[in-house]
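Since the structure comes first, as C-alpha cells, the remarks are kept for the end.
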Amino acid sequence: MSKISLRKCNGILSLSSYSYSSSSYSRSSKVKGSVVLNFECLDDAVTLFHQMVTMKPLPSVVDFSKLFNTMISMKHYWTVVSFFRQMWKLRITINGFILNSVINNYCLMHRADFGFSVLPIYLKNGIPFNTVTFSTLLRGIFSENKVKDAVELFKKLVREKICEPDEIMYATVMNGLSKRGHTQKTLSLLRLMEQGNTKPKIINYNIVIDSLCKARNLDAAINILNEMKQKDIPPNIVTYSSIIDGLCKLGQWEKVKTLFSEMVNLNMYPDVHTFNILIDGLCKDGKVEDVEEVMKHMVEKGVEPNVITYNVIMDGYCLRGQLDRARRIFDILIDKGIEPDIISYNILINGYCKKKKVDEAIQLFGEISQKGSKPNIVTYNTILRGLFGVGRIGVAKQVFVEMVSTGLVPNLSIYHTLLDGYFKYGLVEEAMSLFNKLERKTENIDITSYHIIINGLCKNGELDKAHAIFQKLSSMGLLPDVRTYNTMITGFCLQGLLDEAKDMLRKMEGNNCLPNNVTYNVIVQGYLRCRKINEMVTFMKEMTGRGFSFDATTAELLVNAISENPCVVDMLPELHAEIKK
DNA sequence: CCATACGTAC
C-alpha cells in the first residue's frame, strides 16, 4: 500500500511514496521512493501533475488542492487552468476547496469574469458556495477597480441571502473600498457590522484605522483605537503600526514616540514592519541622520532589517539626491546576502534618472535580468521618463516597443509618460495621435490624461485646442480639478491673455474648486511678466489675504521688477519683509 | 486529520 504525500518546504514541493509495513497509520515507516521537485521549474510541476493523475489509486483531492495553491503562489496561473481542465476531462473528484482555488486563480489573472464562470460547476456537482467563494470573487472584482460591481455583488449576496457575510468578507469589501479612497464607505461598513449579526473583529477595525490614516484623518483613527480599547477588542501590532505610519506622514514625531511607548507597555514589540514605517517616515521628512540610530536600536532588540528596510533608506537618499549613499546602501544589502528585489532596482534607477544619469540607469536596468529578476511596468515607466527627461526620444520609443514585446501591457502611467514626453519635445502630432487612440476607450483616460494634454497643447502654443478640450471635460463626466484649472490659467498667462486667466480663476471659484497657492502665483507671475503692476498688486492682496505666499519664481520676478523700477516698492508697503528675502 | 478568502512599510 502506498500513499502520496505532498510537503511544501522552502519553495520546494516534494512528492513522496510511503509504504506501510503494518496497518498502523505511521509516517515513520520506511520510504519506498521519493521524488523531490523544484517548482521554480515549471516542467517539473507538469511532470508531477501527470504522475499524480496516472496514479492508482489517485492522490486525494487535498493533494491536488495543495499543488494548485503552490502553483498559484508561483504565479503559474495558466498552468493551473490547464491542470483543472485535465482533471475535469478525467472526471477526477473535485470539491469546494479546489473550486475556490480555481476562482482565486482566475481572479489573480485579473479575469474575475472567468471566475464567475466556475460557479455553475458548484451547482452541477452539488457543492455549496461558501463565504470563501464570494470573498475571493469580490477581491478579484476590486482588483479590476470595478468598485461599483463589487459593492453591487456584496449587496446582492446579503439581500438575496445567498450567503451570510463573515468578518473576512466584510474585510474584503472594506479593504477594496479603502484602497480606492472610499474612506467614509469603509467606516460606514464598520458601523453596519456593529448593528448586525457579524460583529467586527480586529481586522475590520484595522482596515478602517488604516483608511482614516491614509486620508490623514488621524484624530478619527485614534478615536477608533480608543473605541477598540473600550469594546475589549485589543489593538494589535498592525493597529499601532498603521497609526504610527499616519503620524509619521504628518510629521507628528512626539505622538509617534507616545504610541511606541504605549505599544511596549502593552507588551507589544515593534517588528520589522513597524521599524520600516518609522524609517520611511524619517527619510521622507528629511531626517536621514536619525535612521542610523533607529537601525542600531532595532538590531539591539533582535529585529533584523529586511530588503524593504534597505529599499526605504535607498529611496530616502535618492529623494535627497544623495545617489552615492543610496548606491552604498545597495552594496550593503548585497553584502548582507539579502536579494535586491525589483523595487530595489526601481528605486535606484529612479534616482539615476532624476539626476539625468540615464546611462547608469540603463546599465542597472540591464543588470536586472542577469540577477534573475524581471523589469516590471514601473521599471519601464521610470526608464522611459528618464530617457524623455534627457531628450533621448528615439531610444524611449525603442524601449516602449521592447516593453510591449515582453508581454507587459502598458498602463495609464506609461501613456502619461509618453504623452508628456512627446509634448515636451514639440511632437504635438504624435501626442495627439496617441491621445486619439486612447480616447476611443474611455477607461484609458482619466483627469490626469487631460491635464497632460491641456498642459502640452498650451506649452506648444495651441491654446485654442487646449481650451476646447477643457470645455469638453464636463461632457465626458470628468470634473476639472484645481490642477486642471491651474494648467489652463498657466496657458493663458503664457500668452499674456490675463483677462482670460482672471475669468478662469473666477469660474473655478464658481464651480466650487478653490484656487490654491499655485493658482495665485501663476497669475501674479503673469501680471509681473506683462509689467501690469496695478493689477498684480490687487491679486497679491487677495492672495496674501487668503493666507497664500509667493513661490521662488514669483519672488524672483518681483525682485527683477523692483530693480527695473524702484517705484514698485512703494506700491507694496505691506510686502517689504517678503521682498527682502 | 490535511488544502482556499482579510489588515501595516518601499
Side-chain angles (χ1 to χ4, degrees), chain A residues 3-8 25 27 59-70 72-73 80 94-105 107-108 115 129-140 142 163 165-176 178-179 186 200-211 213-214 221 235-246 248-249 270-284 305-319 326 329 333 340-348 350 378:
Chain A
K3 184 171 168 62
I4 302 303
S5 163
L6 283 160
R7 285 179 289 131
K8 201 185 151 194
Y25 188 96
R27 295 212 164 183
S60 79
V61 64
V62 176
D63 291 333
F64 281 107
S65 177
K66 282 182 180 169
L67 175 63
F68 274 36
N69 294 328
T70 308
I72 290 171
S73 72
V80 173
I94 50 163
N95 65 7
F97 280 96
I98 208 154
L99 288 181
N100 286 344
S101 294
V102 172
I103 291 183
N104 189 29
N105 183 63
C107 287
L108 291 169
F129 304 133
N130 59 20
T131 53
V132 180
T133 317
F134 291 109
S135 295
T136 308
L137 276 171
L138 284 165
R139 193 191 59 169
F142 273 118
C163 80
D166 60 5
E167 71 278 1
I168 297 182
M169 192 185 282
Y170 273 105
T172 308
V173 176
M174 290 166 83
N175 191 39
S178 141
K179 289 285 147 58
T186 309
K201 299 255 167 64
I202 185 157
I203 190 163
N204 307 97
Y205 282 99
N206 283 348
I207 293 169
V208 169
I209 285 180
D210 180 58
S211 192
C213 287
K214 294 280 169 354
N236 64 11
I237 189 154
V238 179
T239 325
Y240 278 96
S241 299
S242 295
I243 297 179
I244 288 172
D245 183 48
C248 285
K249 294 206 158 87
D271 61 7
V272 65
H273 219 118
T274 324
F275 281 112
N276 287 348
I277 286 167
L278 178 63
I279 292 171
D280 179 47
L282 290 169
C283 287
K284 295 274 154 67
N306 61 13
V307 63
I308 299 177
T309 319
Y310 292 102
N311 286 349
V312 165
I313 299 173
M314 280 198 296
D315 205 30
Y317 281 126
C318 285
L319 211 69
I329 298 292
L333 174 142
D341 61 13
I342 188 61
I343 300 178
S344 322
Y345 287 104
N346 290 350
I347 289 168
L348 267 187
N350 188 37
V378 179

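Throughout, a chain's letter reflects where its sequence line sits, starting with A, and its residues are numbered from 1.
In this structure, Leu67(A) places its CG atom 15 Å from P of dA3(B), rounding to the nearest Å. Per the geometry, CZ belonging to Phe68(A) stands 21 Å off P belonging to dC2(B), to the nearest Å. Rounded to whole Å, atom C1' of dT8(B) lies 14 Å from atom CZ of Phe275(A). Separating the CZ atom of Phe142(A) from the C1' atom of dA5(B) is a distance of 14 Å, rounded to the nearest angstrom. Here dT4(B) presents its P atom at 18 Å from CG of Leu137(A), a figure rounded to the nearest Å. Rounded to whole angstrom, the span from the CD1 atom of Ile72(A) across to the P atom of dA5(B) amounts to 9 Å. Between the CD1 atom of Ile103(A) and the C1' atom of dA5(B) there is a distance of 11 Å, given to the nearest Å. Spacing between atom CD1 of Ile277(A) and atom C1' of dA9(B) amounts to 5 Å, rounded to whole angstrom units.
Note on Asp341(A): nothing from the nucleic acid sits closer than 4.0 angstrom, heavy atoms only. Here Thr131(A) lies in heavy-atom contact (under 4.0 Å) with a base. Across all strands shown, Asn95(A) has heavy atoms under 4.0 Å from base atoms, whether or not it also approaches the sugar-phosphate. Residue Ile209(A) is out of contact with every strand shown, counting any heavy-atom pair closer than 4.0 Å. Counting any heavy atom pair closer than 4.0 Å across all strands shown, Asn204(A) reaches no nucleic acid atom. Looking at heavy-atom distances under 4.0 Å, Ile207(A) makes contact with sugar-phosphate atoms alone, never a base. Heavy atoms of Val312(A) sit under 4.0 angstrom from primed sugar atoms or phosphate atoms, though from no base atom.
Remark: the Asp315(A) side chain and the dC10(B) base include no donor-acceptor N/O pair separated by less than 3.5 Å. Applying the 3.5 Å distance criterion, the base of dA5(B) shares no donor-acceptor pair with the side chain of Thr136(A). Put simply, the side chain of Ser101(A) and the base of dT4(B) share no donor and acceptor less than 3.5 Å apart. Taking 3.5 Å as the limit, the base of dA9(B) and the side chain of Asn276(A) contain a donor-acceptor pair of atoms between them.
In the set dA5(B), dT4(B), dC10(B), the nucleotide with an atom closest to the side chain of Arg139(A) is dA5(B). Nearest nucleotide to the Ile308(A) side chain, out of dC2(B), dC10(B), dT8(B): dC10(B). The listed nucleotides are dC10(B), dT4(B), dA9(B); the one nearest the side chain of Ile343(A) is dC10(B). Side-chain atoms of Val62(A) lie closest to dC2(B) of the nucleotides dC2(B), dT4(B), dA9(B).
When each of Ile308(A), Asn311(A), Asp271(A) is tested with Asn276(A) by the rule side-chain contact (heavy atoms from CB on, under 4.5 Å), just one qualifies, namely Ile308(A). Tested against Thr131(A), the residues Thr136(A), Asn100(A), Asp166(A) include a single side chain to side chain donor-acceptor pair (under 3.5 Å) partner, Asp166(A).
Residues Ile103(A) and Leu99(A) have side chains not in contact (no heavy-atom distance under 4.5 Å, counting atoms from C-beta outward). Contact annotation: the side chain of Val132(A) never approaches that of Phe97(A) to less than 4.5 Å [non-hydrogen atoms, C-beta and beyond].
Applying the 4.0 Å criterion to OP1 and OP2 of dA9(B), one finds that Lys214(A) has a side-chain N or O inside that range.
Here the shortest heavy-atom pairing between Lys179(A) and Asp210(A) reads CE-OD2, 4.3 Å.
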Handout entry: Check against side-chain hydrogen bond (donor to acceptor under 3.5 Å, both in side chains), Asn236(A) and Thr239(A)
Key = CA-CA 5 Å; Asn236(A) 64 11; Thr239(A) 325; 2.9 Å; yes

